[in-house]
Amino acid sequence: MSDHGCAHFTAFVKEYGLESFSVVHAYFSACINKEARRRKALSCLCYKCGGSGPQLYSCLHCIYFGCKGAHINDHCKQTKHYIVLELCYGMIYCYQCKDFTYDSECQAIAEKHIRKEAKSLNKSLSWRPWSPSKVEIDLLLKNPKRRHVTAFTSIGLRGLLNLGSTCFMNCIVQALIHTPLLRDYFLSERHECTAKTAAKCLVCEVSRLFQEFYSGARGPLSLHRLLHLIWNHARHLAGYEQQDAHEFFIATLDVLHRHCKISMNEMAAAASAASTDKSKPQFQQPDNPTHCNCIIDQIFTGGLQSDVVCQACNGVSTTIDPFWDISLDLGEAQNQGYGGPPKSLIDCLERFTRAEHLGSSAKIKCSSCKSYQESTKQLSMRTLPIVASFHLKRFEHSSLIDKKISTFISFPSELDMTPFMSKKKSEQQSSPGASSSSSSSKSKSSDRKQAAAGGSNTSASTSSAANNEDDHGRQHHDTSDFRYSLYAVINHVGTLDAGHYTAYVRHQKDIWVKCDDHIITTATLKQVLDSEGYLLFYHKKILEYE
């Protein structure tokens, strides 16, 4: 079938044009404005039975609505009007072909109406399947050769040369390269940068690395350009000595985030300068200047909620801070009665989100009491990012001694973060007997462990961009899914003075590989879960379209 439908529809368009389709689709299928919704509610009823569905068809030759089946069939037979529009999905049906037909011009009109409907209802567009643009079609026709990707393909795997104690950088790059949404973003060439800043832009270099990784070549890569850019933009990491992989990860996200903002602002300024017609819509800054919608914040930024409760009046002071990862203590718990060091990631999260009594030496001024009072503080997850990164604090630095904690911390391949969300915590506190005794607290702790697969005094590493909590997100909090799947683990072997970083990454579904600088070897999930673990990367299993 061609892009212009069947022969019967082509004849219909030649005789009547597309005006009837455009009007019926705008008012009775997409409903582009309030008036259209009013008209559909009043008059979009079957002319034979008066019903409103469940599936109505509209004749495109005349004004007639009919239910699917006998009612619309009878009309088509009696009037010989064979082209109708299915109103639920806006699809054209030919009764002579007895099949739905596709027309590219009608599809373009329908897409325009759907955007108008979304704007009228002040909502975002629902998911739409990808369709190539004219430029993309031309590129596909000029490059007919396709790369066949199998279950055991090595495309996307490249070793990285150690440039002299740069294993910390190699591991972080492997984790970023195997982050699914980041890969999709860069391989679809979504990043745009002006020629003026491209040479100094870290995002452009990362985009180039993605192209190198997925080029099909197998030789190891050198990251000297990336290292040089990091040295220029994060001076504290400059030098040839071994660096901390976690510190490098946060610094890399920070530089990527800043460069994304710069390129977005420059492209917007260039577009505004190019537009000479003042009647055309100009680029508008977001209402919240601290809110960033760059790819880094979309993937890695979450919101950490801190609730401080006054012990005198029970007044609650709540703050929400953005974070890129969560740092978790592995040492002995400071609070009495909470046992020894954690043994699993769930234990660490339990400790991190457990209410902590601040004591008399850390009194805060209560806004209700207007005086300094003792209080308790509890952390919880207000919003979770698409990629949840956990930093197990294995390196202890003090005035007396620097040491590494090599305690084995078990972590699951599938993680449910629901028990650690702010809404869940507030429900637990409001339930009867939530703070009656330590035994009830322990029972809740075991329940949370069963649900997930816990808070310490550590703080979360925050991003430089503030988190914007919108009303839409809060309305859909109940329907959100907080299940995560492990996709990368970074390990540190050796001591503080003589150590080495390696990484496990999930290459494809159920296929893991170990990245040790330029050496890539296959691995099993058991090997991954039995590893020591320093940085853990989990990807959200179900993404909600906003």
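What's counted below: heavy atoms across the whole structure, side chains too, no hydrogens, waters or symmetry copies.
- In this structure, His518 places its NE2 atom where only 12 or fewer heavy-atom neighbours from other residues, nucleotides or ligands lie under 6.0 Å away.
- A donor-acceptor pair is defined here as one N or O able to donate and one able to accept, closer than 3.5 Å; no such pair exists between the side chain of Ser380 and the backbone of Phe420.
- The closest donor-acceptor contact from the side chain of His492 to the backbone of Glu532 lies at 3.5 Å or more, if one exists at all.
- A donor-acceptor contact closer than 3.5 angstrom links the side chains of Thr301 and Trp324.
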Query raised in the report: Given Ile295 and Leu256, is the side-chain contact (heavy atoms from CB on, under 4.5 Å) satisfied, shown in steps?
Result: CA-CA 9 Å; Ile295 188 62; Leu256 287 171; over 6 Å; no

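- Of the inter-residue distances, the one linking Ser422 atom OG with Gln378 atom CD reads 9.0 Å to the nearest 0.5 angstrom.
- Residues Ile490 and Ala175 share a closest heavy-atom pair of CD1-CB, 4.5 Å.
- Summarising the geometry of Leu392 relative to Gly533, their closest heavy-atom pair is CD1-O, 3.6 Å, with the distance given to 0.1 Å.
- Judged as a ring pair (Phe, Tyr, Trp, His ring centres under 6.0 Å), the pairs with a partner in residues 166-193 (not counting sequence neighbours) are, in order, Phe168-Phe248, Phe186-Phe210.
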Query raised in the report: After noting the C-alpha distance and the side-chain angles of Leu486 and Tyr538, does the key distance pass the side-chain contact (heavy atoms from CB on, under 4.5 Å) rule?
Result: CA-CA 4 Å; Leu486 183 71; Tyr538 286 85; 3.7 Å; yes

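- In this structure, a donor-acceptor pair under 3.5 Å is present between the side chains of Asp244 and Tyr501.
- A donor and an acceptor atom, one from each side chain of Thr318 and Arg382, are nowhere located under 3.5 Å apart.
- A donor-acceptor pair is defined here as one N or O able to donate and one able to accept, closer than 3.5 Å; no such pair exists between the side chain of Ser120 and the backbone of Glu117.
- Checking each of Phe537, Phe390, Tyr534 against Phe249 for a ring-ring contact (aromatic ring centres under 6.0 Å, His included) leaves exactly one that passes, namely Phe537.
- Although no hydrogens or angles enter the test, the distance criterion places no donor-acceptor pair under 3.5 Å between the side chain of Ser327 and the main chain of His391.
- Taking all atoms of both residues into account, the shortest heavy-atom contact from Leu496 to Lys403 is CD1-N, 3.4 Å.
- Atom-to-atom distance recorded for Asp530:CG and Leu525:CG is 9.0 Å, nearest 0.5 angstrom.
- With values rounded to the nearest 0.5 angstrom, Arg483 atom CZ is found 4.5 Å from Ile542 atom CD1.
- Remark: Tyr89 OH is loosely packed, at most 12 non-hydrogen atoms of other residues, nucleotides or ligands lying under 6.0 Å away.
- One finds the CD1 atom of Ile409 at 12.0 Å from the OG atom of Ser531 (value rounded to the nearest 0.5 Å).
- When the shell of 6.0 Å around NZ of Lys377 is examined, it contains 12 or fewer heavy atoms from other residues, nucleotides or ligands.
- Pairing each heavy atom of Leu349 with each of Met417, the nearest pair is CD1-SD, 3.8 Å.
- From Leu415, atom CG reaches atom CG of Leu345 across 6.0 Å, with rounding to the nearest 0.5 Å.
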Report task. Check the pair His500, Asp516 against side-chain contact (heavy atoms from CB on, under 4.5 Å), reporting the backbone distance first and the verdict last. Result -> CA-CA 9 Å; His500 179 63; Asp516 187 353; 2.7 Å; yes

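- Looking at Gln305, its side chain never comes within 3.5 Å of a backbone N or O of Ile320 through a donor-acceptor pair.
- With hydrogens and angles disregarded, a donor-acceptor distance shorter than 3.5 Å links the side chain of His259 to the backbone of Leu202.
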Requested in this report: Go through the steps to decide whether Lys541 and Glu414 satisfy the test side-chain contact (heavy atoms from CB on, under 4.5 Å), and finish with yes or no.
Outcome: CA-CA 9 Å; Lys541 296 188 71 173; Glu414 307 289 331; 3.1 Å; yes

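- Between atom OG1 of residue Thr502 and atom CD of residue Gln174 there is a gap of 11.0 Å, rounded to the nearest 0.5 Å.
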